[in-house]
Amino acid sequence: HQVQVELAVVSSEEELIELRLTVDPGPVFTLQRVEFSGNEAFGDDALQSRMRTAPRQLLEPGSGRVVDSALVEDLRALRSFYLLQGFHDVEIGPHALEQRDRNLRLSIPIDEGERRTVGSISWNGVASLREDRLAEEIPLRPGGPFHPNLADEALNIVRARYRDQGFESVLASVEVDWDDRRRIADVAFHVLEGTQTVVRRIVVRGQQRTSPWLLRRVIDIQAGDPVSRAHLLDIQRRLYALGIFSRVDVEMAQG
């Protein structure tokens, strides 16, 4: 932290310049402690695990070092963690480094603020999929943290599950209703399922020496099963993986 670099011109002749860099690294300091204050929702270990800056550990090479750029990223990571846990007004820092001899102690104050949580979750328009299965997969839970990113992630999961079941034109949106203090959010998902695409029959063309039985085993889809474009791409990938075809096209023909 006390490194000094001096640059001097040794000689200069026409277009040639000789420079000399003198580097004095200064004393080496070791980070011995990282202290958090104001963190009531999460313990020190939970926060420390999200930082690269850590006290010196005998079995961890590189520990005990304080790099300004890494510390800035650590503080950003802590803030992002708190935001995703519903602490919309959290403030991290400013940090302080205390020097004792050649040992350092890092202090990080935290003002958590109030937490935003999910009150209830409701589903509208969900008929073909099970609401409880969708509720298990999304990152929102009654009583859990609320953040817009979590709501967006939940929407993407809902759309993906519908498309996996052949609902390519599904439309989904989320509506958030806050209480008077904007601390508890009631979340409502609205789904317009659209039309489901299912397999009526499977047609295999172009194979000459490969057994149709082998192909149908690799295709692994039956009449009546839902089908999506992602599913077709996966079938095409598996057929290419056999290593016996120079070209494979998997398409949905219009019914």
Side-chain angles (χ1 to χ4, degrees), residues 1-3 26-122 134-157 174-189:
H1 282 269
Q2 298 179 6
V3 61
V28 178
F29 295 89
T30 302
L31 181 63
Q32 294 292 347
R33 295 183 62 184
V34 177
E35 297 180 348
F36 301 93
S37 60
N39 53 312
E40 299 180 359
F42 307 102
D44 292 359
D45 292 341
L47 300 180
Q48 179 65 77
S49 66
R50 288 165 172 80
M51 299 177 58
R52 289 186 296 169
T53 304
R56 183 175 182 271
Q57 302 290 334
L58 293 177
L59 300 180
E60 296 184 13
S63 61
R65 300 177 182 175
V66 180
V67 181
D68 290 341
S69 59
L71 182 55
V72 170
E73 291 299 321
D74 287 339
L75 297 180
R76 289 176 180 171
L78 288 179
R79 187 172 188 274
S80 297
F81 169 70
Y82 264 99
L83 289 175
L84 289 176
Q85 295 302 317
F87 293 91
H88 182 76
D89 302 319
V90 64
E91 294 184 4
I92 309 290
H95 67 278
L97 274 174
E98 180 181 346
Q99 176 183 338
R100 294 181 179 177
D101 297 328
R102 294 193 177 183
N103 295 326
L104 297 175
R105 183 176 66 178
L106 174 63
S107 301
I108 302 176
I110 299 175
D111 183 2
E112 294 180 334
E114 294 190 41
R115 193 180 197 184
R116 293 183 174 181
T117 59
V118 177
S120 63
I121 298 177
S122 59
L134 291 175
E136 290 176 357
E137 295 193 48
I138 62 174
L140 295 175
R141 298 285 186 276
F146 177 86
H147 189 274
N149 287 355
L150 297 177
D152 291 341
E153 183 181 349
L155 267 181
N156 290 333
I157 291 174
V174 61
E175 180 183 0
V176 180
D177 185 20
W178 292 97
D179 67 345
D180 295 338
R181 298 177 62 245
R182 292 189 64 82
R183 297 303 176 190
I184 300 178
D186 293 328
V187 181
F189 290 92

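- When atom types are taken as modelled, the side chain of Arg115 and the backbone of Gly144 share no donor-acceptor pair closer than 3.5 angstrom.
- Here the closest non-hydrogen pair linking Pro145 and Gly86 is CB-N, 3.6 Å.
- Between the side chain of Asp111 and the backbone N or O of Glu91, no donor-acceptor pair lies under 3.5 Å.
- A 6.0 Å sphere centred on CG of Asp179 holds more than 12 heavy atoms belonging to other residues, nucleotides or ligands.
- Within the model, atoms CG of Leu97 and CG of Leu71 stand 7.0 Å from one another, a figure rounded to the nearest 0.5 Å.
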Worked verdict on Gln85 versus Val90 for side-chain contact (heavy atoms from CB on, under 4.5 Å) = CA-CA 10 Å; Gln85 295 302 317; Val90 64; over 6 Å; no
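- With rounding to the nearest 0.5 Å, the separation of CG in Leu83 from CG in Asp89 is 9.0 Å.
- Nearest heavy atom pair, residue Ile157 against residue Glu137, reads CD1-O, 3.5 Å.
- Around atom CD of Glu136, more than 12 heavy atoms belonging to other residues, nucleotides or ligands sit under 6.0 Å away.
- Between Pro142 and Ser120 there is no side-chain heavy-atom pair separated by less than 4.5 Å.
- Here CZ of Phe81 is found 13.0 Å from CE of Met51. Values are rounded to the nearest 0.5 Å.
- Side-chain atoms of Glu112 come within 3.5 Å of backbone N or O of Ala41 as a donor-acceptor pair.
- Of all non-hydrogen atoms in Ser122 and Ala188, the two that sit nearest each other are OG-CB, 3.3 Å.
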Pair Gln32-Arg100, side-chain contact (heavy atoms from CB on, under 4.5 Å): steps then yes or no = CA-CA 10 Å; Gln32 294 292 347; Arg100 294 181 179 177; over 6 Å; no
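- Looking only at distances, a side-chain donor or acceptor of Gln48 sits under 3.5 Å from a matching main-chain atom of Thr53.
- A 4.5 Å side-chain heavy-atom check between Arg116 and Arg182 finds at least one atom pair inside the cut-off.
- Using a distance-only test at 3.5 Å, with no hydrogens or angles considered, a donor-acceptor pair links the side chain of Asp74 to the main chain of Arg52.
- Separation of atoms CD (Glu153) and CG (Leu84) is listed at 9.0 Å; rounding is to 0.5 Å.
- No donor-acceptor pair under 3.5 Å is formed between the side chain of Arg79 and the backbone N or O of Leu75.
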Working for side-chain contact (heavy atoms from CB on, under 4.5 Å), residues Thr117 and Phe146 = CA-CA 5 Å; Thr117 59; Phe146 177 86; 6.0 Å; no
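- If you look at Phe36 and Phe42, their ring centroids are not closer than 6.0 Å.
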Take Ile110 and Leu47, measure what side-chain contact (heavy atoms from CB on, under 4.5 Å) needs, and give me the verdict at the end.
-> CA-CA 11 Å; Ile110 299 175; Leu47 300 180; 3.6 Å; yes
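- Considering every non-hydrogen atom in both Ile184 and Gly119, the closest pair reads CG2-CA, 3.5 Å.
- With rounding to the nearest 0.5 Å, the separation of CG in Leu106 from CD in Glu35 is 9.0 Å.
- Side chain of Arg141 to backbone of Ile138: a donor-acceptor contact under 3.5 angstrom is found.
- Residues Ala151 and Leu140 approach most closely at CA-CD1, 4.1 Å, considering heavy atoms.
- Pairing each heavy atom of Leu31 with each of Ala54, the nearest pair is CD2-O, 3.6 Å.
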